[in-house]
Trainee: 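Structure incoming, see below.
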Amino acid sequence: MGIESTFNVRRSDAIDMLKQKGCTVYWNDCLERLSDMLYEHRESIFENYCVMEDDVTDDEWSRWKYCW
């Protein structure tokens, strides 16, 4: 049994993260593709990513989602 955490990541941050890992990304990639690429290149088996647009505001409590 493990805990998975879902990170809410803005589009610009996701692109920067993927470029640092040596992935080819484009500014017009869809959010689902960015999420999938972050998932493929994750550092821990418990990480999931949800990419959202840069202009979306979220409160601090919605940054992490825990699942069993």
Side-chain angles (χ1 to χ4, degrees):
M1 182 165 76
I3 297 176
E4 288 189 4
S5 56
T6 301
F7 298 101
N8 289 331
V9 181
R10 300 202 188 303
R11 176 190 289 271
S12 58
D13 294 335
I15 291 172
D16 290 339
M17 291 168 63
L18 288 166
K19 283 183 178 179
Q20 289 176 0
K21 295 180 186 237
C23 300
T24 303
V25 291
Y26 304 98
W27 64 271
N28 61 349
D29 279 338
C30 68
L31 300 178
E32 290 81 15
R33 181 173 187 269
L34 293 172
S35 294
D36 290 342
M37 289 179 68
L38 283 171
Y39 182 79
E40 291 172 7
H41 295 90
R42 63 192 175 171
E43 295 178 9
S44 169
I45 62 170
F46 300 114
E47 293 177 0
N48 290 317
Y49 295 93
C50 178
V51 179
M52 60 182 140
E53 292 295 339
D54 289 334
D55 58 355
V56 174
T57 58
D58 62 329
D59 63 348
E60 188 169 328
W61 295 110
S62 68
R63 290 179 183 252
W64 299 86
K65 297 177 186 173
Y66 292 101
C67 304
W68 290 98

Trainee: Show me the donor-acceptor pairs within less than 3.5 Å that the side chains of residues 16-27 make with the rest of the protein, sequence neighbours left out.
Mentor:
from, atom 1, to, atom 2, distance (Å)
K21, NZ, H41, O, 2.8

Trainee: Which pairs count as salt bridge (Lys or Arg N to Asp or Glu O under 4.0 Å) when at least one residue sits in residues 32-41, sequence neighbours excluded?
Mentor: D29-R33
Trainee: Measure across R10 and D54 and return the closest heavy-atom pair with its distance rounded to 0.1 Å.
Mentor: CB-OD1, 3.4 Å
Trainee: Is there a chain of hydrophobic side chains (I, L, V, M, F, W, Y, each step under 4.5 Å between heavy atoms) that links Y39 to F46?
Mentor: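 No, Y39 and F46 fall in different hydrophobic clusters.
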Trainee: Which heavy atom of N28 sits nearest a heavy atom of R11, and at what distance?
Mentor: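 Reported closest heavy-atom pair: C-NH1, 4.2 Å.
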Trainee: If you look at every heavy atom in T6 and C50, which pair is closest and at what distance?
Mentor: CG2-CB, 4.1 Å
Trainee: Which distance, rounded to the nearest 0.5 Å, do you find between the CG of N8 and the OG of S35?
Mentor: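 OG of S35 is found 9.5 Å from CG of N8.
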